[in-house]
Amino acid sequence: MLEPITVYTPSPTRYDGMTYNHAGASGLKLPAVSLGFWHNFGDITPYDTMRQIVFTAFDNGVTHFDLANNYGPEPGSAEKNCGRLLREYFHHHRAELIISTKAGYEMWLGPYGDLGSRKYLLASLDQSLERLGLDYVDIFYHHHMDPQTPLEETMGALATAVNSGKALYVGLSNYDGPTLSKATAILDELHVPFIINQNRYNIFDRTVERNGLKETAHRLGKGLITFSPLAQGLLTDRYLNGVPADSRIAHDGRFLQESALTAATLRQIRDLNDLAAERGQTLAEMALAWLLHDGMVTSVLVGASRPQQLLDNIGALGNTTFTDEELRRIDEISSR
């Protein structure tokens, strides 16, 4: 029987191969690949698997762990598990880590358990810090727009989070361009270090291009970190020949269902895979590289169910340059 790991010694070369980008015009740098705790850090994942994933991440320069109050399952469990990992293995490396969390989606019953009120956001941050076992998080996000709450109130709550010392920076997630502009004006007036937006973005989902978020963030000097960069696995070689028995579609229908894999989508995936092969990359590597190619995306958030997946994703940093013809082909394929 293997002895439990009691001491973790990170690789001394952990910073040698990673690219770090400024979050907009701020002084904070994030790794080009960040680790998201959305899927695989709840109570259904073995603790040893989580441990090996975060060890692999940090050993390869991934210094940013991204969470939210409701990540699980069950809600809150990802933060609890992250807190345990930080306490047991990373307490000497807190200054080397960027820990982010969010509040916005439903977390508890009743009228104060979601959205963007001051009551909810500040209570949620306190609960997140308790689960994480931390005095502060590096970035605290409002998780989604809330038309039911005055924007001034939500931004004021983010200001309080910083002024109280419980967050170093703030971010906005799932906002659009016009609302981002209004929020920025309020936060600037309050002298709040708002530095980054988090949004879904991948070759198949161009929402941030259509709603003005990407261009507005760049113009205002705010960073952009993207989640679902591989479209929940569609932008990989997993589904080139159907649905594998061990795939996310087959065993976890919460975020990706078999109905998403239409004949037309499968043709797109195969054509993109052919282009990636021409570039000497896997489809996943090309999809991640595409997000980083124009310098407007600070970091891509990736999930991993095993350490090798994370290493494969980091491999995308080897070639983030595209010719105009390659970019044209990607646009043509994805718009069919």
Side-chain angles (χ1 to χ4, degrees), residues 10-11 13-21 30-41 45-46 48-66 200-205 225-252 255-256 260-261 265-266 268-293 297-322 326 330 333-334:
S11 167
T13 61
R14 57 189 176 276
Y15 296 117
D16 292 356
M18 177 56 65
T19 299
Y20 297 91
N21 300 316
L30 296 181
V33 174
S34 297
L35 180 61
F37 278 56
W38 183 19
H39 287 312
N40 299 308
F41 289 84
T45 301
D48 184 63
T49 299
M50 292 186 270
R51 180 174 57 193
Q52 294 305 321
I53 292 170
V54 297
F55 286 0
T56 300
F58 195 57
D59 281 347
N60 288 274
V62 177
T63 54
H64 178 208
F65 300 164
D66 180 76
R200 179 182 171 95
Y201 187 29
N202 57 59
I203 287 174
F204 285 154
D205 188 339
I225 184 169
T226 62
F227 64 88
S228 296
L230 302 179
Q232 300 299 316
L234 292 179
L235 289 167
T236 71
D237 60 8
R238 292 282 281 157
Y239 301 106
L240 290 174
N241 299 301
V243 179
D246 63 344
S247 66
R248 181 172 290 169
I249 285 180
H251 72 84
D252 185 355
F255 306 107
L256 183 63
L261 196 63
T265 300
L266 187 56
Q268 290 175 303
I269 294 170
R270 287 171 174 165
D271 287 346
L272 288 169
N273 187 66
D274 290 342
L275 176 55
E278 293 175 22
R279 287 172 47 83
Q281 292 180 309
T282 66
L283 175 52
E285 287 174 340
M286 185 181 77
L288 295 172
W290 176 85
L291 285 166
L292 295 164
H293 83 274
V297 170
T298 308
S299 182
V300 292
L301 271 170
V302 300
S305 59
R306 59 187 187 278
Q308 188 58 48
Q309 276 187 326
L310 186 58
L311 293 174
D312 292 343
N313 290 332
I314 293 171
L317 302 179
N319 181 12
T320 60
T321 301
F322 289 76
E326 287 172 336
I330 289 171
I333 294 167
S334 64

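Basis for what follows: all heavy atoms, side chains included, without hydrogens, waters or symmetry-related copies.
In the model, Ser228 has a side-chain atom that pairs as donor or acceptor with a side-chain atom of Gln232 under 3.5 Å.
To the nearest 0.5 angstrom, Asn60 atom CG is 11.0 Å from Arg14 atom CZ. In this structure, CD1 on Ile53 lies 6.5 Å from OG1 on Thr49, to the nearest 0.5 angstrom.
In plain terms, the two heavy atoms of Ser305 and Gln309 that are nearest each other are N-OE1, 2.6 Å. The minimum heavy-atom distance linking Leu35 with Val62 is given by the pair N-CG1, 3.7 Å. Taking each heavy atom of Leu30 and Ser299 in turn, the nearest pair found is CB-CB, 4.4 Å. Ala287 and Ile203 get closest at one heavy-atom pair: CA-CD1, 3.9 Å. Taking each heavy atom of Asn313 and Gly303 in turn, the nearest pair found is ND2-O, 3.9 Å. Contact between Asn40 and Met50 at its shortest, heavy atoms only, is O-CG, 3.6 Å.
Ring orientation note: the planes of Phe37 and Phe65 are tilted relative to one another, at an angle of 30° to 60°.
For the pair Trp290/Leu272, no side-chain contact is recorded, criterion being any heavy-atom separation below 4.5 Å from C-beta on. Counting heavy atoms from C-beta outward, Thr265 and Ile269 have side chains that approach closer than 4.5 Å. Between Asp48 and Arg51, the closest side-chain pair of non-hydrogen atoms falls below 4.5 Å. In this structure, the side chains of Pro229 and Leu291 come closer than 4.5 Å at one or more pairs of heavy atoms. Contact check for Ile314 versus Val302: no side-chain heavy atoms found under the 4.5 Å cut-off. For the pair Leu234/Leu261, a side-chain contact is recorded, criterion being any heavy-atom separation below 4.5 Å from C-beta on. Considering only heavy atoms from C-beta on, Val54 comes within 4.5 Å of Phe41 through its side chain. Side-chain contact between Ile225 and His64: present, with at least one pair of heavy atoms (C-beta onward) separated by less than 4.5 Å.
Counting only residues at least two apart or in different chains, side-chain hydrogen bond (donor to acceptor under 3.5 Å, both in side chains) contacts with residues 280-289 comprise Arg279-Gln281.
Using modelled atom types, one side-chain atom of Asn21 and one backbone atom of Thr298 make a donor-acceptor pair closer than 3.5 Å. Put simply, the side chain of Glu326 never gets that close to the backbone of Phe322: no donor and acceptor are under 3.5 Å apart. Judged purely by atom type and a 3.5 angstrom limit, Tyr20 uses its side chain to pair as donor or acceptor with the backbone of Gly61. A side-chain donor-acceptor contact under 3.5 Å links Arg270 to the backbone of Leu240.
Thr19 pairs by the side chain to side chain donor-acceptor pair (under 3.5 Å) definition with nothing, not counting sequence neighbours. Looking at residues two or more places apart in sequence or on another chain, you find a side chain to side chain donor-acceptor pair (under 3.5 Å) between Asp312 and Gln308.
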Exercise. For Leu230 and Leu288, what are the C-alpha separation, side-chain angles and deciding distance, and is it a side chain to side chain contact (heavy atoms under 4.5 Å, CB included)?
Worked result: CA-CA 7 Å; Leu230 302 179; Leu288 295 172; 3.9 Å; yes

